[in-house]
Each structure stands twice: as C-alpha cells, then as structure tokens.
2 protein chains.
Amino acid sequence: MRLRFWVDPRRLALPVTEAARDDPDPRDHRAAPGATRDRLIRVAGALFAERGFARASVRDICARAAANVAAVRYHFGSKEALYREVLLGSHRELRDREPIPRLADFRRPTDALRAWLGFVLRFLLLRRPAHSYAGQLIARELEQPTAALTDLVRLVMQPVRTELEHILGALLGDADSPARRAQLANFALGLCVFHEFGRPVLERFGHPPPTDEPGVDALADALASFIAAGTRALRHR
Amino acid sequence: MRLRFWVDPRRLALPVTEAARDDPDPRDHRAAPGATRDRLIRVAGALFAERGFARASVRDICARAAANVAAVRYHFGSKEALYREVLLGSHRELRDREPIPRLADFRRPTDALRAWLGFVLRFLLLRRPAHSYAGQLIARELEQPTAALTDLVRLVMQPVRTELEHILGALLGDADSPARRAQLANFALGLCVFHEFGRPVLERFGHPPPTDEPGVDALADALASFIAAGTRALRHR
DNA sequence: CGACTTGTCAAACATGCGTTTGAGATTCTG
DNA sequence: CAGAATCTCAAACGCATGTTTGACAAGTCG
C-alpha cells in the first residue's frame, strides 16, 4: 500500500458520514477494542510530558505501551499526529473538568484573581493519579515549540489569558490601559508558568515548587496577595 | 591513537604546571594561533543560544565556523566539552563586565532591587552586537537541562540569587523568614526569566518582551514597583 | 636536515531516530 | 465456510547525529 497522503486504514471502509464524526468510534467490536491505541495515547502523554516531544522516542513509547513500533503509524499515521492527539485529548479533558474562573462570578476582583491563580496553578503543578498531563505538556511546548504551539496558544491559553486580563482591568480601575494590562498579564503568567518549567533550577536551589493540593493552595494565596498589591502599585504611576 | 580518556593533544607535551593554568595559553606561536578554536567557540555560542544544546549539531557549528567536523574533537574532546567551554566563557565574560548589585551599595533596599532587576534583565533580554549569549544560554539550559546545569546554577545563578535574597530580607524587615524569602526570590526570578524563555508564547500573544535598552529599563522600573509592593503585602500575613 | 608537534581534512563508523514493508494472525461479515 | 477487514509483528530503510580514523601539510626545534 503506497500512500501519498496517509489515511487511517481503519476508516477506509467506513461511509464518509460516519468517518467524519470524531468522537464515538463505531469500530469497537474486537476482543479488546482500541486497547493498543488507548495504551499508546496514555503512555505517550506521560512520556511527552516528562521529556518533551523530541526526546520521547517512538521506540520508547511503544516499548512502555507493549506495542510494536509500527503501531504508531497504523493508529495515528506519524509521531506528530500522535502528539496532536495527546494534546487535544488533554485539552478536552481540561475543558470538561473545570471551567475557567470568570470575573463576573465573584464579588471582588481579588477573589477572582485568587480563583484564577488556583485554577492555573492546579493545572500546571498538581500531580496525582489520573491527573491530566496537559499542564506539563504546555510547559514543554514553551520550551521546544513544535508546529502545535500556535494552535495550543489559540485554543487553550488565549481564553485563560483573556479572563486574566479582565480581572486585571478591574483591579486597575481608572488606570487601566491595554499596555499596562498586557504587561501585568505577562507578569502573572510568568509567575505561574515559571513554577512548573523552572522546576529543574528551583530544585537545585533547594526550593522546589509544590506538587500537592495544600502546597499549591498556599502558593496561590501568596501569589494572589503579591499580584494584587503589585497591580495596585502600578496603578499610581 | 586509542584513548580511554581523552586528553587535549595540544597539552600532552606541556609541563604539568603550565598545563594546569587555564587562562593564558602559551602555545600560540602559529600563523593564526587558536583561530579555529576561537571561531568554534564564537559560532557555537551563537548556535547553542539560538537552538539549545541538542539541536545545534556539530556539523552545523563546524560549517558556520569553516572548520572540519573533527576540529571539535581535536580542540575540545567532545561536543559537550565545547558546550561547557562556551558556558564558562560566557560566565567569565559576564562576571568581568558588570558586578552584581549589592544591597550594601544602596541607601534604600528598593534602589538595590531596581538595580538587581536591571542587571538580570539586561543580562537576559538585551540584544546588541558583541553582546554575550550567556542569558540565552541559561534560558536554554532551563528548558533542556544538560549535565552542565548543576554547575551553572552553582557558579552563575546562586550568587545572583543570594544577593536577591539579601535585598528581599531587607524589604521584609521583621517579617523576614527563610521560607518567605525563598518564595519571594522564586517570584522575582520567575518574573525575570519568563520574559526570556516564555518569548515564543508571549510573541504569539502579541506582547513580546523588550530587547533594547529603553524597553528593558522600563520593564525593570515596572517590575521593581511591582515586586516591592507585593513583598510589602506579604509582610503582613 | 630530520624528527617531532600542531592543526586540518575527507571519509568512514556506530548509533538512534521516524518510518515503512510485507507477512501473518485474529475477528467480523455475508 | 470464504473472504474481507482489523490488527500485530520482526525486520529493514533512509537519514542525521556525534565520534573516530589515518593521512597529510606546515611549522618548530635539536
């Protein structure tokens, strides 16, 4: 079978209308339907999160998933397609699990800020069984941008940042201006993200970021006070 | 010549006491002494800063330096040794160019904080001809830690962080405690570093970090107010 | 001069990578 | 049952990488 453009072989025989849908998959009438495919996505998520795209090799992924190397091509078409599948899956999981805190849902902007920080930090830092890899995947994406980064920013990060800017706008009050708000959003984002992807350095300094619920909450509390005060300070300049 | 442990062939003939010194190199009596070696370090610095260690290939470096691939082994022993040479060279250059601002040199802790931020941000962000790659190299090292990271933290980053902790201690006054100070140091470091290594994302958001002197100064001003106010806020908790 | 050091070079080596092949099981379907 | 679809597998392909080789020119020095 020589292919110019790769087509999922499992879908070749399906009617177009059926194949066009992408959520329910009607080909599950095997003994362990989609078992290898699922295992690959799970293992690849962990390995991509741990090492980044480039350094997680197809052979490693397949070995840990007890699958043949050719399974990646068969089920996804390529390593990069598998990566996108993992990213989108994490994104979906994230979206369905917890909504982004919105300014309008809180009495005071500082409360909204605290909620926003808790949301983002849990997402980035928390490690627990069956927890999504999305946060670490995104942190990896910052380091070694792949072609998927642009989509990732647009789909996942932009909505979160937009909500942050609303909150900061409320905190700035009269002094609100696009440039100032963007600068402060950079600050807040940096403070959150650095705790995940600066982890190797912070660990060597002897001050590793928290990975459990109470630790993350405490960090969010401190950051909320810190950012609120800093924002107020920049209001009067 | 089969070697268990590689030894710089140029130093094999030198007396030990001479070879032990590492700054002046007394073997420069060729037509263009050390020319290839110097070119390699220069080109490698630029390429490592641009792409990181893994993605800057020996072949690329040598091609740009108009040198043979074997030159890396001959002059440095391995790619990693060349990398360490580049890192240490940048470190030396940094150290000699500008001293770390010290708390004791300023009347008010906030002035010291402002100076510290200016120092670090210039180091990380500024792009100008003949500017050191050290900042970008360090940012790269955060992303894909190599074996050199531990040394880098100890030699280069630790002294900078220590001075920051002194400044923060002064700002905290009575409320100073090791944990609080370390947390705030993480905040300040994150705010600085994120502007360099979060660059790909910030650019996609439409708010790229500054790269010129006035922009960096403005950022340092804003960050100084921001951090000072945030620190004061965390004093009363 | 003649031995030795220094530096450069083209070519090959060894390894790891993503991908592809073609054959062979297993299961579904008419 | 016969044939098609689904899935797995060992092996190889083609490529890029860091490293190593052995030869060779040019300079140094006794």
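Here is the naming used below: chain letters follow the sequence lines, and residue numbers restart at 1 for every chain.
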* To do: Evaluate ring pair (Phe, Tyr, Trp, His ring centres under 6.0 Å) for B:F48 paired with B:Y133, printing each intermediate quantity in order.
  => CA-CA 9 Å; B:F48 284 144; B:Y133 303 109; over 10 Å; no
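OP1 or OP2 of D:dT21 sits under 4.0 Å from a side-chain N or O of B:R73. OP1 or OP2 of C:dA10 has at least one side-chain nitrogen or oxygen of B:N68 nearer than 4.0 Å. OP1 or OP2 of C:dC17 has at least one side-chain nitrogen or oxygen of A:S57 nearer than 4.0 Å. An OP1 or OP2 oxygen of C:dT8 is reached within less than 4.0 angstrom by a side-chain nitrogen or oxygen of B:H75.
B:F194 and A:F194 have their aromatic ring centers separated by at least 6.0 angstrom.
Here the P atom of nucleotide C:dT19 and the CG atom of A:L82 are 10 Å apart, to the nearest Å. With rounding to whole Å, B:L47 atom CG is found 11 Å from D:dG18 atom P. Rounded to a whole Å, the CD atom of B:E80 is 14 Å from the C1' atom of D:dT19. As rounded to whole Å, 14 Å separates atom C1' of D:dC7 from atom CG of A:D38. In this structure, the OH atom of A:Y83 is 17 Å from the C1' atom of C:dG18, given to the nearest Å. Spacing between atom CG of A:D60 and atom C1' of C:dT19 amounts to 16 Å, rounded to whole angstrom units. Here C:dT5 presents its P atom at 11 Å from OH of B:Y74, a figure rounded to the nearest Å. Rounding to whole angstrom units, CZ of residue B:F76 and C1' of D:dG18 are separated by 15 Å.
If you check every strand for non-hydrogen atoms under 4.0 Å, B:A56 touches sugar and phosphate atoms only. Residue A:A54 is classed as having no contact, given no heavy-atom separation below 4.0 Å to the nucleic acid.
Checking A:R204 against B:T150 by side-chain atom types alone, a donor-acceptor pair falls below 3.5 Å. A side-chain N or O of A:N186 and one of A:R161 form a donor-acceptor pair less than 3.5 Å apart.
Taking only distance into account, the side chain of A:R59 meets the base of C:dG18 through a donor-acceptor pair shorter than 3.5 Å.
Comparing B:K79 and B:A70 along DNA chain D, the residue whose closest nucleotide (by nearest heavy atom) sits nearer the 5' end is B:K79.
B:R51 contributes no side-chain N or O that, together with a main-chain N or O of B:A56, makes up a donor-acceptor pair within less than 3.5 Å.
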